[in-house]
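Notes follow once the structure below has been shown.
Worth knowing before you read on, the calculation uses all heavy atoms, side chains too, and leaves out hydrogens, waters and symmetry mates. Letters A, B, ... are given to chains in the order of the sequence lines, protein chains preceding strands, and every chain is numbered from 1.
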Amino acid sequence: MRRTHSCGELNHSHVGEEVVLFGWVHQRRDHGGAIFVDLRDREGITQIVFDKAHGADAHAAAQDLRLEYVIGVRGKVASRGANVNPKLPTGAIEVHAEELHVFNSARTTPFVIRDEVEASEELRLRYRYLDLRRPAMQRIFHTRHRINQVTRNYLSSRGFWELETPFLVRFTPGGARNFLVPSRLHPGSFYALAESPQLFKQLYMVSGFDRYFQIVKCFRDEDFRLDRQPEFTQIDLEMSFVTREQVMEVMEGLLARIFEEVLGQKLQLPLPRLTYDEAMARYGSDKPDIRFGLELCDVTEAVKEAAGGGVPVFAEAVAAGGIVKLLRLPGGGGMSRSELDKLEDVAKSFGARGLARAKIGPDGSWTQSPLAKNVEPGLRARINELAGAQEGDVLLFQVGPAKQVNGVLGQLRVQLGRKLGLIPEGSHAPLWVHDFPLFEYSEEHQALVAAHHPFTSPRPEDVPLLSTDPARVRSNAYDLVLDGFEVAGGSIRIHDAEIQEKVFQVLGIGEKERQEKFGFLLDALSYGAPPHGGIAVGLDRLVMVLVGADSIRDVIPFPKTQRGTDLMTGAPGDATPAQLEDLHIRVVLPEG
RNA sequence: GGGGCGUUAGUUAAGUUGGUUAUAACGCCGGCCUGUCACGCCGGAGGCCACGGGUUCGAGUCCCGUACGCCCCGCCA
């Protein structure tokens, strides 16, 4: 037997043809004289009918079929007349089996291979090859394939060359923790698995390749989140002789093509933009989900003018240089005390000390709030005015350092937006966030560190600040944000030796350290480097958002669990003493 | 490193203030059935209640610890 068609393509036009289908037994309905089998392959499901009239031997053999047997069927395509199954694309026809061949039987699977049957994720990961049989999973990876294809076609058409970079690289400090690979030939020396192709793509620009892209794995030994895995894929690109506008234009074009191809949606270009400061002020996040409102309201100035307005925590916060912001929940006054208490617990889990609140009563009075007793009417009225508070609303306050206040309210906003059903189903809202600070203060190092990486260029108008007030320098960096996820980030790099020198000074990286760590790149930049910049897309995250998956694991074929293990293969595993000896490695396990 | 939630037939879940034989659905096995399509009907098998301690006359249920899974903080230039 040789396959003539897939299980997803037969329709009325094939009626009367003899066909051969191969696939898995998806469902079996035995009516005695007739046995119906839904045959499944990658492309779809076709109903096969076994009965004595069309094939007595086949009908007899079909009685032994069980779920997930792998079979081949030869038979004639027949119309189902009025008895169509509207749920199947092939529902207008069926195949009357004349010959059945069983390629392989199958043990009873740990879970039924069907979209509606939800097994625990743990079990799905242990039997990932079975989980991947589910049509819903196959659709995801087909989508992922199409995004790859669109990306290659689009970027090639825009003059980009697909070029590769090494995974085994020299360890470079800063940034994500690297996975280390011991060198057998150089005892005591290690490669690092590349956390990104960053330095190599810049070298391609120095080499004159002009426009590079790559769909590439990156490795980062950091803790996991629902959108973070230790190995993930980037669509990485870099361009010579461009401004950030040109990089953004290419990226927007790519995203628009992907939206059109995958969702059939036209994307309105150019995309909206927010500065980092604006994003933090209005949404409390540098990756805001702008599919819904519920914006934060800053009342710091009003509190300052009123000298705390009789509320001790307000007064303390502004005296210490902190801020006061609130989230107004329209109609939130209907929430019960315990609901609000739960919200306070949520806020605490985000690092808040508490969650002061006020329900708005008639005439703008505040009720059910410790604030209500203390607050001066003048400040209360001003805050109500700034927040647009109406009777029946509830105001949720955070006071303290800006970073904490924005962090807590920003996360609370997302949680509430989801809980209150403010996010329109199936909608997407991409935007740019730009003008990030070039440096940020690291508590750990008690010093300014690069917010992006040390080769990110400052905004030209901020260059003078490098010597006077480096903390205020904004960068030529930009993130593409989609529905609350950072799906791409990039920057225009420094190609001017003088500016690079100043950045290193701010970062406290001396001559010796530079040569040691980045010498090859600095050398390269000194031999005639074009102005250049680029961006890298987190492909897994993008796919996750576009297909509506709950986690990045659903769009990676063989992902790791949160503790970094592969439940199917058992990785990571032990090394043999001989392997360790070869690598000149001795294992010292932690105590206990 | 820290916080939270979970773990009961093959699977997904229920299991009351601690109380006799731990339920259901799907799956599995056997039988019947020629128009089902989440087929239907009849019958059956299937349990170290994650693991280890403890409290108690008595623990799936209460307490402590461990393992595993998930979510979050830190971390992710």
Side-chain angles (χ1 to χ4, degrees), chain A residues 26-38 45-54 59 63 66-68 78 80-88 90-91 94 96 107-127 130 172-178 195-196 198-199 218-230 232 345-346 348-352 404 407-408 411 414-415 436 438-440 442-445 448-456 475 477 486 489 491 503 507 509 517-518 538 550-551 553 560-563 565 567 592:
Chain A
H26 188 65
Q27 188 66 272
R28 192 179 74 105
R29 295 175 293 279
D30 185 349
H31 285 239
I35 297 171
F36 300 93
V37 165
D38 292 340
I45 288 173
T46 299
Q47 172 163 288
I48 313 292
V49 184
F50 295 91
D51 64 27
K52 291 193 181 106
H54 295 102
H59 175 257
Q63 287 174 344
R66 294 294 180 269
L67 298 187
E68 300 307 315
R80 292 181 58 171
N83 188 27
V84 298
N85 181 351
K87 291 180 189 167
L88 289 181
T90 61
E94 62 194 8
H96 290 164
R107 294 159 63 194
T108 302
T109 50
F111 51 90
V112 185
I113 313 300
R114 237 183 275 163
D115 286 347
E116 316 81 64
V117 178
E118 263 316 306
S120 71
E121 190 176 10
E122 192 174 347
L123 201 68
R124 290 171 53 205
L125 290 179
R126 195 175 303 281
Y127 298 94
L130 297 179
T172 47
R177 184 183 297 115
N178 288 104
E195 64 186 75
S196 81
Q198 181 61 39
L199 301 179
C218 303
F219 305 89
R220 296 181 186 177
D221 189 6
E222 297 289 349
D223 284 349
F224 295 64
R225 287 291 183 279
L226 75 81
D227 63 346
R228 273 162 43 186
Q229 281 271 311
F232 61 98
D345 288 341
V346 172
K348 280 179 178 165
S349 78
F350 295 140
Q404 183 189 324
V408 171
Q411 289 180 89
V414 170
Q415 187 112 351
F436 286 83
L438 186 59
F439 307 106
E440 59 190 16
S442 161
E443 296 287 342
E444 191 192 337
H445 299 97
L448 287 179
V449 298
H452 192 52
H453 59 63
F455 312 107
T456 302
S475 69
E486 179 196 326
S491 67
V503 169
L507 292 171
I509 301 177
K517 292 172 177 171
F518 313 110
D550 293 326
S551 114
R553 293 183 299 278
K560 307 285 188 289
T561 69
Q562 190 165 55
R563 291 186 69 253
T565 62
L567 293 177

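Summarising the geometry, the separation between NZ on A:Lys560 and P on B:C70 is reported as 13 Å, rounded to the nearest angstrom. One atom, CD of A:Glu68, and another, P of B:U11, lie 17 Å apart when rounded to the nearest Å. Put simply, NE2 on A:His26 is 12 Å from P on B:G27, counting in whole angstrom units. Taking atom CG on A:Asn85 and atom P on B:G35, their separation rounds to 16 Å, with Å as the unit. In this structure, A:His453 places its NE2 atom 15 Å from C1' of B:C76, rounding to the nearest Å. Here B:C28 presents its C1' atom at 15 Å from CD1 of A:Ile113, a figure rounded to the nearest Å. Computed from coordinates, the A:Ile35 CD1 to B:C32 C1' distance equals 13 Å when rounded to whole Å.
Across all strands, A:Ala53 comes closer than 4.0 Å to no nucleic acid atom at all (heavy-atom distances). As judged by a 4.0 angstrom heavy-atom cut-off over every strand, A:Asp30 is placed among the base-contacting residues. Residue contacts for A:Glu121: at a heavy-atom cut-off of 4.0 Å it reaches the sugar-phosphate backbone alone, with no base atom in range. Counting any heavy atom pair closer than 4.0 Å across all strands shown, A:Lys348 reaches no nucleic acid atom.
Counting heavy atoms from C-beta outward, A:Arg124 and A:Glu118 have side chains that approach closer than 4.5 Å. Contact annotation: the side chain of A:Thr456 approaches that of A:Leu438 to within less than 4.5 Å [non-hydrogen atoms, C-beta and beyond]. Residues A:Phe439 and A:Leu507 have side chains in contact (heavy-atom distance under 4.5 Å, counting atoms from C-beta outward). Annotation: side chain of A:Asn85 is in contact with side chain of A:Arg80 (closest heavy-atom distance under 4.5 Å). Taking 4.5 Å as the limit, some side-chain heavy atom of A:Phe111 sits within range of a side-chain heavy atom of A:Leu123. In this structure the side chain of A:Phe224 reaches within 4.5 angstrom of the side chain of A:Pro230, judged on heavy atoms. With a 4.5 Å cut-off on side-chain heavy atoms, A:Thr561 and A:Leu125 count as touching.
Checked against B:C71, B:C28, B:G35, the side chain of A:Gln47 finds its nearest nucleotide in B:G35. Comparing B:C28, B:G35, B:C70 by their nearest atom to the side chain of A:Leu67 picks out B:C28. Out of B:C72, B:U36, B:G74, the shortest distance to the side chain of A:Leu226 is found at B:C72. Nearest nucleotide to the side chain of A:Arg80, out of B:U36, B:G35, B:A38: B:U36. For A:His31, counting side-chain heavy atoms from C-beta on, the closest listed nucleotide (B:U34, B:U11, B:C37) is B:U34. Among B:G35, B:C73, B:A38, the nucleotide with an atom closest to any side-chain atom of A:Arg225 is B:C73. Relative to the side chain of A:Phe36, the nucleotides B:C70, B:C75, B:U36 differ in distance, and B:U36 lies closest. With B:G27, B:C70, B:G35 as the candidates, the nucleotide lying closest to the side chain of A:Thr561 is B:C70.
A close approach under 4.0 Å does occur between a side-chain nitrogen or oxygen of A:Arg66 and OP1 or OP2 of B:C29. Proximity of A:Thr565 to the phosphate of B:G69: a side-chain N or O atom is located under 4.0 Å from OP1 or OP2. Neither OP1 nor OP2 of B:A38 sits under 4.0 Å from any side-chain N or O of A:Gln27. The phosphate of B:G69 (OP1 or OP2) has a side-chain N or O of A:Arg563 nearer than 4.0 angstrom. Put simply, A:Gln562 has a side-chain N or O that comes within less than 4.0 Å of OP1 or OP2 on B:C71. Distances shorter than 4.0 Å separate some side-chain N or O of A:Arg29 from OP1 or OP2 on B:C39. Contact between the side-chain N/O atoms of A:Arg107 and the OP1/OP2 oxygens of B:G27 is not found at any separation under 4.0 Å.
Rounded to whole Å, the P atom of B:U23 lies 33 Å from the corresponding atom of B:G65. Annotation: B:U21 and B:A59 have their P atoms spaced 12 Å apart (nearest Å). B:A9 and B:A45 are spaced 11 Å apart, taking the C1' atom of each and rounding to whole Å. A distance of about 11 Å separates the P atoms of B:U66 and B:G3, rounded to the whole Å. Of the P atoms belonging to B:G60 and B:A50, the separation is 10 Å, rounded to the nearest Å. Spacing of P atoms, B:U16 relative to B:G6, comes out at 14 Å, to the nearest Å. Between B:A25 and B:G43, the distance separating the two P atoms is 12 Å to the nearest Å. Comparing the P positions of B:A13 and B:C70 gives a spacing of 15 Å, expressed to the nearest Å.
Shown here, B:U61 forms no base pair; nothing in the strands shown gives a Watson-Crick or G-U wobble contact with both key distances under 3.5 Å. Figure legend. B:C49 is base-paired to no nucleotide; pairs are counted as Watson-Crick or G-U wobble with both atom distances under 3.5 Å. Base pairing analysis places B:U11 opposite B:A25; the two distances defining the Watson-Crick or G-U wobble pair are each below 3.5 Å. Figure legend. B:C68 is base-paired to B:G6; pairs are counted as Watson-Crick or G-U wobble with both atom distances under 3.5 Å. Figure legend. B:G40 is base-paired to B:C32; pairs are counted as Watson-Crick or G-U wobble with both atom distances under 3.5 Å.
In this structure, A:Glu118 and A:Glu222 both approach RNA chain B, and ranking their closest nucleotides by distance from the 5' end singles out A:Glu118. Residues A:Leu199 and A:Leu567 both approach RNA chain B. Their nearest nucleotides, taken by heavy-atom distance, put A:Leu567 toward the 5′ side.
Side-chain atoms of A:Arg28 and A:Gln63 include no donor-acceptor pair closer than 3.5 Å.
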List, with names and distances, any nitrogen or oxygen atoms from the protein found under 3.5 Å away from nitrogen or oxygen atoms belonging to nucleotides 42-44 of chain B.
none

Measure all distances between protein nitrogen or oxygen atoms and nitrogen or oxygen atoms of nucleotides 2-10 of chain B, and list the pairs falling under 3.5 Å.
{"residue": "B:G10", "atom": "O2'", "partner": "A:Pro110", "partner atom": "O", "Å": "3.2"}

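Summarising the local packing, OH of A:Tyr127 is surrounded by 12 or fewer heavy atoms from other residues, nucleotides or ligands at distances under 6.0 Å.
No donor-acceptor contact under 3.5 Å links the side chain of A:Arg220 to the base of B:C76. Under 3.5 Å, the side chain of A:Arg553 and the base of B:C70 form no donor-acceptor pair of N or O atoms. The base of B:G35 sits with one of its N or O atoms less than 3.5 Å from a complementary donor or acceptor on the side chain of A:Glu94.
Looking only at distances, no side-chain donor or acceptor of A:Thr565 sits under 3.5 Å from a matching main-chain atom of A:Leu567.
Rounding to the nearest 0.5 angstrom, the gap separating the CD atom in A:Glu121 from the CZ atom in A:Arg126 is 12.5 Å.
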Original post:
Would A:Gln229 and A:Arg220 count as a side chain to side chain contact (heavy atoms under 4.5 Å, CB included) if you check the C-alpha gap in whole Å, the side-chain angles of each, and the deciding distance to 0.1 Å?
Top reply: CA-CA 8 Å; A:Gln229 281 271 311; A:Arg220 296 181 186 177; over 6 Å; no
Subject >> Residues A:Arg553, A:Gln562; criterion side chain to side chain donor-acceptor pair (under 3.5 Å); working and verdict >> reply: CA-CA 10 Å; A:Arg553 293 183 299 278; A:Gln562 190 165 55; over 6 Å; no
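The six-membered or imidazole ring of A:Phe50 lies away from that of A:Phe36, with a centre-to-centre distance of 6.0 Å or more.
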